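Before any comments, here is the structure.
Chain identifiers are assigned alphabetically (A, B, ...) following the order of the sequence lines, protein sequences preceding nucleic acid strands; residue numbering begins at 1 within each chain. Fair warning: this is a prediction, and the values are worked out from it, not measured in the lab.
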Amino acid sequence: SQQGEEDPQALSIQEGENATMNCSYKTSINNLQWYRQNSGRGLVHLILIRSNEREKHSGRLRVTLDTSKKSSSLLITASRAADTASYFCANAPLGNEKLTFGTGTRLTIIP
Amino acid sequence: DARVTQTPRDKVTEMGQEVTMRCQPILGHNTVFWYRQTMMQGLELLAYFRNRAPLDDSGMPKDRFSAEMPDATLATLKIQPSEPRDSAVYFCASARDYYQPQHFGDGTRLSIL
């Protein structure tokens, strides 16, 4: 069973707006990762944030991690039509070598 | 850029037939994963290997699924006999090590009639 949950399940915004997705997990982690999946393709790694980090940036992506609340968020700024995809968080539990993927957020950018 | 390669891209076969899916991980990655993705269950880990040794296959139905790494450039996932409930997209992913970012192939879309 999946240990991660993402919120919202689906999100539609206008191009140029910011998109925020949230992720919760249940156990202590080594790191948390975000992936993107375009329709009909495999998942693509976007960003990794370690348990001792609180915020990380990569281009238009900003990830935060709150280990006290066991939650993370992914912010995509100035969204583009090409950002339309499903976004998954995956946590790496301590003592467990397997990533646990969330249920995903389906993001639609309206041109 | 190095990529994980999966074959076949699509497979349609009848119930009871054997299905073999292949994966070429990225050179230098010592950890290989097999996942299954469905609308109902999402992404499920079936099995994974490190340095070609199977570490965990608890996600697989043992009676019909088997996963192997005959060499460092090839991982296989077999289903025998196949059943309609096995219809899904099967992904292979590789990583430099556990906890590291995983690189996914584009999957094998399997349909069992």
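- No other option in B/V89, B/D56, B/V4 has as many heavy-atom pairs under 4.5 Å with chain A as B/D56.
- With A/R60 as reference, A/D83 is the one residue of A/N18, A/T77, A/D83 to meet the side chain to side chain donor-acceptor pair (under 3.5 Å) rule.
- For a residue to count as touching a neighbouring chain, one of its non-hydrogen atoms must lie under 4.5 Å from one of that chain's; by this rule B/Y99 touches chain A with backbone and side chain alike.
- The distance between the ring centers of B/H29 and B/H103 falls below 6.0 angstrom.
- For a residue to count as touching a neighbouring chain, one of its non-hydrogen atoms must lie under 4.5 Å from one of that chain's; by this rule A/L48 touches chain B with the side chain only.
- With no hydrogens or angles considered, no side-chain donor-acceptor pair links B/Y35 and B/Q37 at under 3.5 Å.
- For A/Q9, the CD atom is loosely surrounded, since the number of other residues' heavy atoms within 6.0 Å does not exceed 12.
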